[in-house]
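A, B, ... follow the sequence lines: proteins, then strands. Residue 1 opens every chain. Quick caveat: nothing in here was measured; it's all calculated off a predicted structure. Quick note: numbers below take in every heavy atom, side chains included, and nothing from hydrogens, waters or symmetry partners.
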There are 2 protein chains.
Amino acid sequence: MSNAKVLPLLEPDGQGVTPCCPPLTERPFTADEAETAARMFKALGDPVRLRLFSAVASHEGGEACVCDISDVGVSQPTVSHHLKKLKEAGLLTSERRGTWVYYRVEPSVLAAMGKLLTMAPTAA
Amino acid sequence: MSNAKVLPLLEPDGQGVTPCCPPLTERPFTADEAETAARMFKALGDPVRLRLFSAVASHEGGEACVCDISDVGVSQPTVSHHLKKLKEAGLLTSERRGTWVYYRVEPSVLAAMGKLLTMAPTAA
DNA sequence: CACCTGTATCGATAGACGTCAACATAGACA
DNA sequence: TGTCTATGTTGACGTCTATCGATACAGGTG
């Protein structure tokens, strides 16, 4: 339940985060960069996880209780399993507050992923 | 080798394309939206595919011959397999020119994926 | 035509993954 | 303490997938 090691794809640098990789269009990814970035994409590559992630991301305050988002057509253990995967991928963090566990999306992670898909500024 | 049915995630609309889904943060994805968008993320969720895609995307003109990008540490059949997957996901198109086959990235697809990861414009 | 190079397909195999039922754990409350 | 609800973990099962060697196909060149 701890968030000790999260955001494996971004390194905090004081006033923001440094993305793991350049835009996909800037230069060919190295093996390491690809390994790192692929983890993120892979985490979002399952429909159930994508729905869970979207549910959290679009929820008020960028966070949601599991009970608020678990209506995605699979069993409760499966929901828990997918939330764990999203957490391991650095896309979500979690925190227990009393009876409920809240998952939160890190906006900077979203932004970094968006930049990955940006066209390189080639004299636009 | 035909590109008859490509870009399953975007619908051409004359002067551009209409993305399949709203930004992840706008509202919870429906099951159908998640199914569609997850296919894209899944395609990029493999390190080898990500390297191939990045190699094509960053290559001059947004296109590259297989021979230019196949040095990613796996066998030739595996490269071919992954390129096919990327094509099926609508991320690449291919065209044979003489002896060689060229793969090309559709810029609009990249842009659409980027928008998926955009923060909803909440009175920014 | 025969031959060579570049790319795709086939068939097999090992490992990863999504899913569930059963069980475990954490906190609230009586 | 016991019980109830919310969530996580375990173990098993079937399916998907990444990978390879062998082979097929396409196009150029002689």
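Once rounded to the nearest 0.5 Å, the distance linking CG of A/L83 with OH of A/Y103 reads 4.5 Å. Rounding to the nearest 0.5 Å gives a distance of 9.0 Å between SG of B/C20 and CZ of B/R39. Distance CG/A/L86 to OG1/A/T93: 11.5 Å, rounded to 0.5 Å.
When the C1' atom of D/dG8 is taken as reference, atom CH2 of A/W100 falls 17 Å away, rounded to whole Å. The interatomic distance linking A/L86 (CG) with D/dG8 (C1') rounds to 15 Å, in whole Å. Separating the OH atom of A/Y102 from the C1' atom of D/dA6 is a distance of 11 Å, rounded to the nearest angstrom. Between A/K85 atom NZ and D/dG8 atom P the separation is 15 Å, expressed in whole Å. With rounding to whole Å, B/L83 atom CG is found 11 Å from C/dA8 atom C1'. Here the P atom of nucleotide D/dG8 and the CG atom of A/L92 are 11 Å apart, to the nearest Å.
Residue B/K84 places at least one side-chain N or O closer than 4.0 Å to OP1 or OP2 of C/dT9. Distances shown here put every side-chain N or O of A/Y103 at or beyond 4.0 Å from the OP1 or OP2 atom of D/dA6. Taking 4.0 angstrom as the limit, A/K42 places a side-chain polar atom (N or O) nearer than this to OP1 or OP2 of C/dC17.
Closest approach of B/R96 and B/G98 over heavy atoms only: NE-O, 3.3 Å. Counting all heavy atoms, side chain and backbone alike, A/T118 lies closest to A/T25 at O-OG1, 3.1 Å. Between A/A89 and A/A43 the shortest heavy-atom distance is CB-CB, 3.5 Å. Across every non-hydrogen atom of A/A57 and B/L24, the tightest pair is CB-O, 4.0 Å.
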Sugar-phosphate atoms are those with a prime plus P, OP1 and OP2; base atoms are the rest. Using that split, label each nucleotide of nucleotides 19-30 of chain D B, S or - for protein heavy atoms under 4.0 Å, 5' to 3'. BBBB----SS--
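Residue pairs meeting the salt bridge (charged side-chain N to carboxylate O under 4.0 Å, His left out) criterion with at least one partner in residues 43-62 of chain B, sequence neighbours excluded, are absent.
Linking ILVMFWY side-chain heavy atoms closer than 4.5 Å, directly or via other members, places A/Y102 and A/L110 in two distinct hydrophobic clusters.
Taking every heavy atom of residues 55-63 of chain A and every atom of DNA chain D, no pair lies under 4.0 Å.
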